[in-house]
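Reading through the structure tokens given below for one structure.
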Amino acid sequence: MKKIILFFGLIVLLYSCKDLGGSSKMSIEKDSLGTVVGTDKDDKGCVGSAGYKWSVLKNTCIRPFEVGVRLNPVAEIKAGDAVISAFVILEDEGNRAELYVPNEKSSVLLERKSEKDPYLKDDWKLLTLKGFQLMKGDSLMYAGALID
């Protein structure tokens, strides 16, 4: 009797370990564009498909939409159009700001001379009085609320 129970237990154990799918390959999830999600690390180790970008100010991979201030476009947006925001991260007790703008490959590092001056870099100007205003040249491109 013990041999029969042991025999059936062995069969159940072997059957439960069998690959029921007939394949020993692990499945890999792809996004809608065919990109394998999570395998697109950049040279700093940031996973772009998960929203991570390298931050010069923080010296680590960040998600700008989680740690930055959202700046929305000021141009008229029609119903159904996507709103693509910019994000800014301010240096703690410093005079630098890191700007993440749509269609830019990397962040833009802005600097100011003193607390009352705007942050500047090339054509970009970030004003921080009564909210955030981001200008490119003479055009107001993005705006956002002050944070406390």
Side-chain angles (χ1 to χ4, degrees), residues 9-148:
L10 183 61
I11 289 179
V12 169
L13 180 67
L14 291 174
Y15 184 74
S16 66
C17 294
K18 181 182 174 189
D19 180 17
L20 298 176
S23 172
S24 62
K25 294 181 182 178
M26 181 173 48
S27 69
I28 297 174
E29 186 177 332
K30 293 185 178 186
D31 69 7
S32 62
L33 299 175
T35 306
V36 178
V37 178
T39 61
D40 60 330
K41 290 184 179 179
D42 63 12
D43 60 337
K44 300 281 190 182
C46 303
V47 180
S49 63
Y52 287 95
K53 295 183 179 278
W54 181 256
S55 170
V56 174
L57 291 183
K58 303 286 186 186
N59 198 32
T60 190
C61 296
I62 62 159
R63 289 171 138 177
F65 55 88
E66 289 181 342
V67 298
V69 176
R70 179 181 300 270
L71 304 175
N72 288 320
V74 295
E76 182 180 341
I77 299 170
K78 296 176 182 157
D81 285 352
V83 176
I84 302 175
S85 301
F87 295 90
V88 65
I89 298 169
L90 302 176
E91 184 174 47
D92 296 332
E93 299 182 28
N95 290 318
R96 297 187 303 168
E98 191 166 12
L99 180 61
Y100 294 88
V101 183
N103 302 323
E104 292 282 335
K105 276 198 156 223
S106 61
S107 64
V108 178
L109 198 59
L110 308 171
E111 294 188 43
R112 67 180 179 181
K113 294 180 182 175
S114 69
E115 190 174 323
K116 294 179 182 179
D117 291 329
Y119 294 90
L120 303 169
K121 171 72 175 190
D122 299 330
D123 287 344
W124 292 107
K125 182 185 341 182
L126 179 66
L127 305 166
T128 57
L129 301 172
K130 299 180 182 178
F132 291 94
Q133 295 89 36
L134 180 61
M135 301 180 74
K136 184 156 189 174
D138 292 331
S139 301
L140 179 61
M141 303 294 289
Y142 296 89
L146 275 177
I147 55 173
D148 292 326

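Nothing here was measured: the structure is a model prediction, and the numbers come from that model. For the numbers below, each heavy atom of this structure counts, side chains included, while hydrogens, waters and symmetry mates do not.
- Applying the disulfide (SG to SG under 2.5 Å) rule to pairs touching residues 50-102 yields Cys46-Cys61, sequence neighbours excluded.
- The shortest non-hydrogen separation linking Leu71 to Tyr142 is O-CD2, 3.3 Å.
- In terms of heavy-atom proximity, Ile89 sits nearest to Gly68 at CG1-CA, 3.8 Å.
- Counting only residues at least two apart or on different chains, no salt bridge (Lys or Arg N to Asp or Glu O under 4.0 Å) pair has a member in residues 42-60.
- Here Glu66 pairs with Arg63 under the salt bridge (Lys or Arg N to Asp or Glu O under 4.0 Å) rule; sequence neighbours left out.
- Scanning for side-chain contact (heavy atoms from CB on, under 4.5 Å) contacts around Leu109 gives Val56, Leu57, Arg96, Glu98, with sequence neighbours left out.
- Sequence neighbours left out, not one pair with a member in residues 133-145 passes salt bridge (Lys or Arg N to Asp or Glu O under 4.0 Å).
- Considering every non-hydrogen atom in both Asp40 and Ser49, the closest pair reads OD2-N, 2.7 Å.
- Sorted by first and then second residue, the salt bridge (Lys or Arg N to Asp or Glu O under 4.0 Å) pairs with a member in residues 100-115 form an empty list; sequence neighbours excluded.
- Ser55 and Tyr100 get closest at one heavy-atom pair: CA-OH, 3.3 Å.
- Legend: residues meeting salt bridge (Lys or Arg N to Asp or Glu O under 4.0 Å) with Arg70, ordered by chain and number and at least two apart, are absent.
- Residues Ile84 and Pro73 form no side-chain contact, since every pair of their non-hydrogen atoms from C-beta on lies 4.5 Å or further apart.
- Between Phe87 and Val67 the shortest side-chain heavy-atom distance does not fall below 4.5 Å.
- Of all heavy-atom pairs spanning Tyr119 and Leu110, the tightest one is CB-CB, 3.6 Å.
- Once rounded to the nearest 0.5 Å, the distance linking CH2 of Trp54 with OG of Ser107 reads 10.5 Å.
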Original post:
Under the side chain to side chain contact (heavy atoms under 4.5 Å, CB included) criterion, do Leu134 and Leu99 qualify, and how do the steps go?
Top reply: CA-CA 10 Å; Leu134 180 61; Leu99 180 61; 3.5 Å; yes
Listing, residues 122-131 side-chain donor-acceptor contacts under 3.5 Å, not counting sequence neighbours, or none:
none

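- Taking the side-chain hydrogen bond (donor to acceptor under 3.5 Å, both in side chains) definition, one finds that Ser114 meets it with Asp117, sequence neighbours left out.
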